[in-house]
Amino acid sequence: MATFLYRLGRFSFRRRRLVLMLWIAALAVVGIGAMNATTSTSDSFSLPGTQSQKAIDLLEKEFPQASASGATARVVFESPKGRTLASGADKAEVRSLIADLKEAPQVANVSDPYQSGLISESGTITYAQVTYKVGQPDVTDAARDALHSVADRGEKAGLAVSLGGNAVQEKAGSSSTELIGLLIAAVALVITFGSLLAAGLPLLTAIFGVGTAVAAITVASAFLDLSSAASTLALMLGLAVSIDYALFIVSRYRSEIRDGHEPEEAAGRALGTAGSAVVFAGLTVVIALAGLSIIGISMLTTMGLGAAFAVVVAVLIALTLLPAVLGFAGMRIMGSRFTSRRMRALQEGGKGETAGVRWARFVTRNPLKMLVVSVVGLGVLAIPALSMRLALPDDSTSSPGTSERIAYDTITKGFGDGYNGPLTVVVDGRHSSDTKTAAQDAVAQLRKLSDVAAVRPAVFNQSGDVALISVVPKSSPSSAATVDLVSDIRDRGPALKTDTGAELLVTGTTALNIDVSNKLSGALIPYLGVVVGLALILLLLVFRSILVPLKAALGFLLSVLATLGVVVAVFQWGWLADLFGVDQTSPIVSVLPIFMIGVVFGLAMDYEVFLVTRMREEYVHGAEPTEAVIAGFRHSARVVTAAAVIMISVFAGFLLDDVALIKSIGLGLAAAVLFDAFVVRMTLVPAIMTLLGRRAWALPDWLDRALPNVDVEGERLRHLLAETPDTGSTGPDKAPVSSGATGKS
């Protein structure tokens with residue numbers, strides 16, 4: 001592989017105009033396609049095989065007017081002090097507003113609280129449930145405007161009107177997070193390279209690659225059912241890995257230039273060594289992201305595949321466009337205007353030691369102590385993860401003062417927590433001789449349950465063989481008591497089927513959220529097994545060692561557990577909540593652990609490959625094990641640190657968001673990169689490698705013969721180049737150097 005990438009690097013450098021034009025053409029094609037594509041996205045949690053999904057599918061067939069999979073909204077009315085909604089002008093106003101809601105765009109059904117008697121005991125609070133014909137992502141601005149218009153009219157009449165439900169949620173708008181991330185990345189790159197030009201190239205190629213990937217995903221969304229978050233995740237991760245990969249290759253290119261090689265030769269050698277690491281680092285990220293399809297939730301599948309595609313584009317950009325751009329930059333990339341005097345001395349004369357080398361020497365002198373301190377520290381941080389509870393966000397997690405949160409709190413005040421998340425119980429009597437009796441039995445059993453606040457009479461479909469029962473819990477939708485209630489109701493299903501032949505199913509937003517959480521929790525171990533297993537095989541090929549991949553995977557698991565512990569401590573337990581701007585504690589968002597594992601595993605293996613590949617390269621070239629570790633830090637610690645700082649800063653920026661979900665993602669990813677880059681890769685790795693010594697690189701002879709030699713460290717390339725003198729005009733491909741060898745274009 002190293003030899004192939006060497007040739008590819010020299011070809012791209014030499015034929016830079018052709019390579020650049022091809023990439024511009026590709027961007028133009030997908031860009032034009034994206035501008036003209038009619039996109040359609042979906043964020044529904046389709047859960048094949050779960051009871052909730054089975055019930056939803058049945059309701060869509062038997063109760064189409066209920067629009068079981070449609071978006072919902074709650075319009076909550078509260079009368080001012082001294083007035084009541086039970087009679088008089090306020091009652092007439094509410095009924096008039098409900099009548100307008102029924103005529104609003106995309107509305108399938110609106111419940112009338114006066115017909116159902118849904119008025120609080122004080123007579124001051126009521127609400128109407130609005131069901132839409134379409135899912136939440138497809139609710140139009142006109143439909144939302146109609147909701148807000150009703151609220152405004154109610155406010156003018158002196159009522160307090162608040163809106164809740166997923167139909168109220170606006171589509172995510174553009175954010176300045178990416179721009180902030182780019183600015184932070186630019187500063188870190190300038191500090192790393194000491195040159196504006198060298199810092200600008202990774203940013204330029206990253207923007208180009210991300211633009212191509214996101215445009216291609218936009219085009220694909222016109223033909224495929226993709227999540228609306230697929231482009232966002234592709235943008236975030238594509239930008240992250242593109243900068244990382246370019247950073248490592250540019251750093252190696254400058255190193256080869258300082259070693260006396262001509263620019264074209266330096267580009268070839270940089271790709272033959274650092275480029276090999278980029279390929280395998282990219283593969284680990286792709287495996288982790290594509291592995292999200294194992295879970296069986298379409299939204300996560302499309303998010304993972306979209307982000308994996310962006311990573312593939314990032315790798316291709318790094319291997320082709322980047323060396324082409326290096327050809328245009330030439331020797332100007334070696335400028336060091338912003339480099340400190342000490343760093344210039346290190347680069348030019350090798351005098352002194354970098355901070356990374358000093359740290360590596362400290363760790364290798366005290367390997368056992370550093371190992372124990374790191375493992376114990378991460379283990380302590382992981383303890384809160386043992387009490388982690390998972391749930392999907394609802395209006396209760398909205399920021400205080402928002403309409404959604406006010407609606408939730410008002411319903412709780414007037415009726416109780418459970419009215420914010422009623423359960424839908426379906427009695428499927430298509431194979432029963434007496435569906436009516438089965439439904440009556442179900443209602444009677446439901447009313448006996450201790451955590452049930454109300455059970456509404458059964459409503460039957462036209463054929464009378466399927467019944468719909470609404471059950472209101474006493475507890476909040478995300479509480480453990482409601483989870484137990486759903487389980488308790490489902491446990492009564494087998495007995496009802498035995499007695500009557502009818503099947504009992506529980507669905508609704510709350511039950512669906514519980515099933516999502518259960519499915520994600522159950523998929524966590526298989527996902528880890530598949531992703532980590534495939535990555536171990538890949539790392540086995542890269543490092544030709546059994547212990548190094550095992551050490552990498554175990555270190556990753558430690559950092560993830562510590563991160564989950566931090567997230568639980570802050571968002572579920574409330575520790576340091578004020579510091580991070582967390583207004584209230586709540587269960588952890590269901591998708592966060594698996595999402596974080598997929599993203600962080602890829603980034604962690606990036607750092608592992610870049611750091612340890614250089615150690616192996618030095619070891620293969622004859623260095624002693626401990627000196628190889630130190631040499632790996634000498635060449636890679638600075639750029640790994642810069643890459644980690646960029647990622648931490650970008651992810652930490654999400655903590656400034658008002659939404660709890662975004663805050664938890666930001667804290668989780670920032671903490672994960674912090675722990676993995678600085679505790680695991682920078683401390684545990686050198687400590688363990690020192691303790692293992694030569695055993696770290698041991699591989700049974702039979703396995704050594706069986707494994708293909710991918711030559712990531714470039715040993716074959718080294719021998720081949722040794723046979724061909726580096727004159728700047730020849731190489732393994734015997735290709736002459738063009739007039740652009742010095743970088744002049």
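Only this structure's heavy atoms are used, side chains among them; waters, hydrogens and symmetry mates stay out.
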Does a side-chain heavy-atom distance below 4.5 Å link Arg681 with Val640?
no

So, for Pro323 and Ala318, which heavy atoms are closest and what is the spacing to 0.1 Å?
CD-O, 3.4 Å

Closest approach of Leu18 and Phe11, non-hydrogen atoms and distance?
CD2-CZ, 4.5 Å

May I ask you to test the Val363-Thr690 pair for a side-chain heavy-atom distance under 4.5 Å?
no

Once rounded to the nearest 0.5 Å, what's the spacing between atom CD1 of Ile648 and atom CZ of Phe675?
9.5 Å

To the nearest 0.5 Å, atom CD1 of Ile537 lies from atom CD1 of Ile287 at 8.5 Å

CG of Leu378 to CG of Leu557: how many Å apart, nearest 0.5 Å?
11.5 Å

Run the numbers on Thr683 and Phe678 for side chain to side chain contact (heavy atoms under 4.5 Å, CB included), then give the verdict.
CA-CA 7 Å; Thr683 306; Phe678 294 107; over 6 Å; no

From the list Leu684, Val679, Val680, side-chain contact (heavy atoms from CB on, under 4.5 Å) partner of Val375 resolves to Leu684

Minimum-distance pair of heavy atoms, taken over all atoms of Ala234 and Ile217
CB-CD1, 3.5 Å

Using every non-hydrogen atom in the two residues, find where Tyr527 and Ala288 come nearest and quote the distance to one decimal.
OH-O, 2.5 Å

Looking only at atom types and distance, does a side-chain atom of Thr641 sit under 3.5 Å from a main-chain N or O of Ala637, one as donor and one as acceptor?
yes

Please examine the side chains of Arg361 and Val357, heavy atoms only from C-beta on, and report whether any two atoms are closer than 4.5 Å.
yes

For Trp697 and Tyr619, I'd like to know if the aromatic rings sit close, meaning centre-to-centre distance below 6.0 Å.
yes

Would a 4.5 Å heavy-atom cut-off, applied to side chains only, mark Glu608 and Val548 as touching?
yes

Measuring from Ser374:OG to Lys369:NZ, what's the distance to the nearest 0.5 Å?
13.5 Å

Are any of the side-chain heavy atoms of Arg269 and Arg252 separated by less than 4.5 Å?
no

Any donor-acceptor N/O pair, Ser559 side chain to Phe556 backbone, under 3.5 Å
yes

Can you give me the closest heavy-atom contact between Leu611 and Gly632, atom names plus distance?
CD1-O, 4.1 Å

Does Arg7 use its side chain to pair, donor to acceptor, with the backbone of Phe4 at less than 3.5 Å?
no

Would the distance check show the side chain of Ser293 and the main-chain N or O of Ala290 forming a donor-acceptor pair, the cut-off being under 3.5 Å?
yes

Is Tyr253 reaching over with its side chain to a backbone N or O of Leu271, donor-acceptor style, under 3.5 angstrom?
no

Where do Leu289 and Leu305 land on the side chain to side chain contact (heavy atoms under 4.5 Å, CB included) test, with the steps shown first?
CA-CA 6 Å; Leu289 293 170; Leu305 293 178; over 6 Å; no

From CA spacing to verdict: side chain to side chain contact (heavy atoms under 4.5 Å, CB included), Thr301, Leu292
CA-CA 6 Å; Thr301 298; Leu292 290 171; 6.0 Å; no

Do Ser12 side-chain atoms and Gly9 backbone N/O form a donor-acceptor pair below 3.5 Å?
no

Any Leu319 side-chain heavy atom under 4.5 Å of Val315 side chain:
yes

Could you go through Leu550 and Leu539, starting from their C-alpha distance and side-chain angles, then the distance that decides it, and tell me whether this counts as side chain to side chain contact (heavy atoms under 4.5 Å, CB included)?
CA-CA 9 Å; Leu550 286 175; Leu539 293 176; over 6 Å; no

May I ask you to test the Leu541-Pro708 pair for a side-chain heavy-atom distance under 4.5 Å?
yes

As an exercise, state the distance from CG of Leu699 to CG of Leu707, rounded to the nearest 0.5 Å.
6.0 Å

May I ask you to decide whether Glu618 forms a salt bridge with Arg634, counting only side-chain N to carboxylate O separations under 4.0 Å?
no

Between Thr320 and Trp23, is there a side-chain donor-acceptor contact under 3.5 Å, judged purely by atom types and distance?
yes

Is it possible for you to check whether Arg16 lies under 6.0 Å from the centre of the six-membered ring of Phe13, through NZ or CZ, and within 45° of that ring's axis?
yes

Heavy atoms only: give me the nearest Gly209-Ile317 pair and the separation to one decimal.
CA-CG1, 3.8 Å

To the nearest 0.5 angstrom, please state how far the CG atom of Leu321 sits from the CG atom of Leu201.
9.5 Å

For residues Pro593 and Leu564, determine if any side-chain heavy atom of one lies less than 4.5 Å from a side-chain heavy atom of the other.
yes

